[in-house]
2 protein chains.
Amino acid sequence: MSATRLLLLGTVRIFQPVHGYFVRRELLSWQADAWANLNPGSVYNGLRSLARDGFMEEVGTETEGGRPARTTYRLTGDGENEFLRLLRESLWMVARFEPDELMAGWSFAWALTRKEVIAALESRVEQIEASARAAVFAIEAIATQPDMPDTVAEHYRLGQARLDGEAAWARQLLERLRAGEYWFDGEPDPPWSSQPPGGARTLHGTAG
Amino acid sequence: MSATRLLLLGTVRIFQPVHGYFVRRELLSWQADAWANLNPGSVYNGLRSLARDGFMEEVGTETEGGRPARTTYRLTGDGENEFLRLLRESLWMVARFEPDELMAGWSFAWALTRKEVIAALESRVEQIEASARAAVFAIEAIATQPDMPDTVAEHYRLGQARLDGEAAWARQLLERLRAGEYWFDGEPDPPWSSQPPGGARTLHGTAG
DNA sequence: ACGTGATTATTCATGTTTGACTATCGCGTA
DNA sequence: TACGCGATAGTCAAACATGAATAATCACGT
């Protein structure tokens, strides 16, 4: 499971009704292409696939001037539920080898309450601490099994080391969230009540 | 680019001539399916694709008893070069969002010399330290750009935190490598001079 | 007035990944 | 000896991802 679906649902949710090119431009302006699959084909096919599954619906296909026709989308009720489901999954579940999941999840964490995001991050820290205790025994077991290459022990150590890094980030962020940093759902004065969100105005980032 | 190609090249290199089912069973016994794409289709298609590119060649297609015919492969000269190229790439290059690359690389690091692996890990630590210094300025810049969502700053922090975890692992492993842990190419007494490598004897791990 | 290059908006051939499915053999057990 | 389960060995349709290509428009300089 890639983070692309969550990114598409989340971005359409913010800007709807919106067309594929806009969604992609916005995500590139977040530099999300560094960690997610955002080639044109992935975005356009992802939108069509979400529409096929009933999570989005085509609003229309407008042709402005002589430019290519553009298909605009918006979320359905199911799409809103799917968005929240994927968002919670990405924040509450520790996906050991899918770094893009948490990246995508954090991008839309503000769609949940501060209370829930704090609880999710606390849960992640606990899961990672538990994983560290378990890894000790898994590594011991590897030495025992005669046919297991000993290099596999380092896979556990490296996997855990990266999780430890993530936990350090989470602890640090938790402090800042408790101190009031960032805006979350249900709080007054959203940052774009006066200034709507929107990233680069061009694909090559020559904004301005 | 996924780690599957390197895993297939490296595994065929050890056991050649070898057929797809054996390769897959071996990789599953390393628990590599936790972090790499090793579904049947990925393995069999990956082997065919490597053969198409001239990195492997079919040795034959034997039918033993009434079982399905099995196609056995071995590396070509180009395949050996491609293996070493991908291996070096995976060990020397820091791929920020592809944790499977280093996992796969370490699995076959013993095919290089201890000296080179130590140099590669030292280089990784330096790259990660440089990345940490750069991240400070990238995060500053985000606050400046009006259209960039502030959540993006956490993407830098999280990405760097995970790299910091990796660097901690690398420093720790470097100490152990300098102390002589693990066997590497060119050193006497390889661990399977008497005991050939080989993982679980069955797919479900009921080795005995 | 005209060329140049970036932007808009998307398609599509190709390649990779998924995981359900086929079909046979061998072994333990009731 | 009949039964069933797991191991063996792989195929295939469908889904997902890649990135070059298309083709019109617009901004800008000369």
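Lettering of chains follows the sequences in order, A, B, ..., and the numbering in each one begins at 1.
- With A:Thr72 contributing its side chain and A:Pro17 its backbone, the two residues share no donor-acceptor pair below 3.5 Å.
- We find that A:Arg171 and A:Glu129 are joined by a salt bridge, their nearest charged nitrogen and carboxylate oxygen being less than 4.0 Å apart.
- Atom CZ in A:Phe22 sits about 14 Å away from atom C1' in C:dA9, given to the nearest Å.
- Looking at every heavy atom in both residues, A:Asn39 comes nearest to A:Arg24 through C-NE, 3.8 Å.
- In terms of phosphate contacts, A:Ser2 brings no side-chain nitrogen or oxygen within less than 4.0 Å of OP1 or OP2 of D:dC16.
- In this model, the phosphate group of C:dT10 is not approached by any side-chain N or O of A:Arg48 to a distance below 4.0 Å at OP1 or OP2.
- The main-chain N or O of B:Thr61 is never found under 3.5 Å from a side-chain atom of B:Arg70 such that the two would form a donor-acceptor pair.
- Using modelled atom types and a 3.5 Å distance limit, the side chains of B:Trp92 and B:Gln127 yield no donor-acceptor pair.
- Comparing the local axis fitted to the first five base pairs of the helix from C:dA1-D:dT30 to C:dA30-D:dT1 with the one fitted to its last five gives a bend of 10°, rounded to 10°.
- Protein atom CZ of B:Arg5 is 15 Å distant from nucleotide atom C1' of D:dA17, rounded to whole Å.
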Could you walk me through whether B:Trp169 and A:Gln160 satisfy the side-chain hydrogen bond (donor to acceptor under 3.5 Å, both in side chains) test, starting with their C-alpha distance in whole Å, then the side-chain angles of each, then the deciding distance to 0.1 Å, before giving a yes or no? CA-CA 9 Å; B:Trp169 168 80; A:Gln160 189 58 44; over 6 Å; no
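- Taking atom CD of residue B:Glu26 and atom P of nucleotide D:dA9, one finds them 14 Å apart after rounding to whole Å.
- At whole-Å resolution of the value, CZ in B:Arg70 and C1' in C:dT24 are 14 Å apart.
- Look at CG on B:Leu7: it is 15 Å from C1' on C:dT16, rounded to the nearest Å.
- Using a distance-only test at 3.5 Å, with no hydrogens or angles considered, no donor-acceptor pair links the side chain of B:Arg13 to the main chain of B:Glu80.
- Listed in residue order, the members of residues 36-45 of chain A having a heavy atom less than 4.0 Å from DNA chain C are A:Pro40, A:Gly41, A:Tyr44.
- Regarding A:Trp35, its CH2 atom lies at a distance of 16 Å from the C1' atom of D:dA17, rounded to whole Å.
- Here B:Tyr21 does not reach the OP1 or OP2 of D:dG10: none of its side-chain N or O atoms lies under 4.0 Å away.
- Taking 4.5 Å as the limit, every side-chain heavy atom of B:Thr71 sits out of range of all side-chain heavy atoms of B:His19.
- We find that OH of A:Tyr73 is positioned 8 Å from P of C:dT10, with the value rounded to whole Å.
- For A:Arg25, a side-chain nitrogen or oxygen approaches OP1 or OP2 of C:dT8 to under 4.0 Å.
- With hydrogens and angles ignored, the 3.5 Å screen pairs a side-chain donor or acceptor of A:Thr4 with a backbone N or O of A:Asn37.
- An OP1 or OP2 oxygen of D:dT8 is reached within less than 4.0 angstrom by no side-chain nitrogen or oxygen of B:His19.
- Note on A:Gly46: nothing from the nucleic acid sits closer than 4.0 angstrom, heavy atoms only.
- OP1 or OP2 of C:dT16 lies within a sub-4.0 Å distance of a side-chain N or O belonging to B:Ser49.
- In this model, the phosphate group of D:dC16 is approached by a side-chain N or O of A:Arg52 to a distance below 4.0 Å at OP1 or OP2.
- The minimum heavy-atom distance linking A:Phe83 with A:Phe108 is given by the pair CZ-CB, 3.8 Å.
- Atom CD in A:Glu98 sits about 13 Å away from atom C1' in C:dT18, given to the nearest Å.
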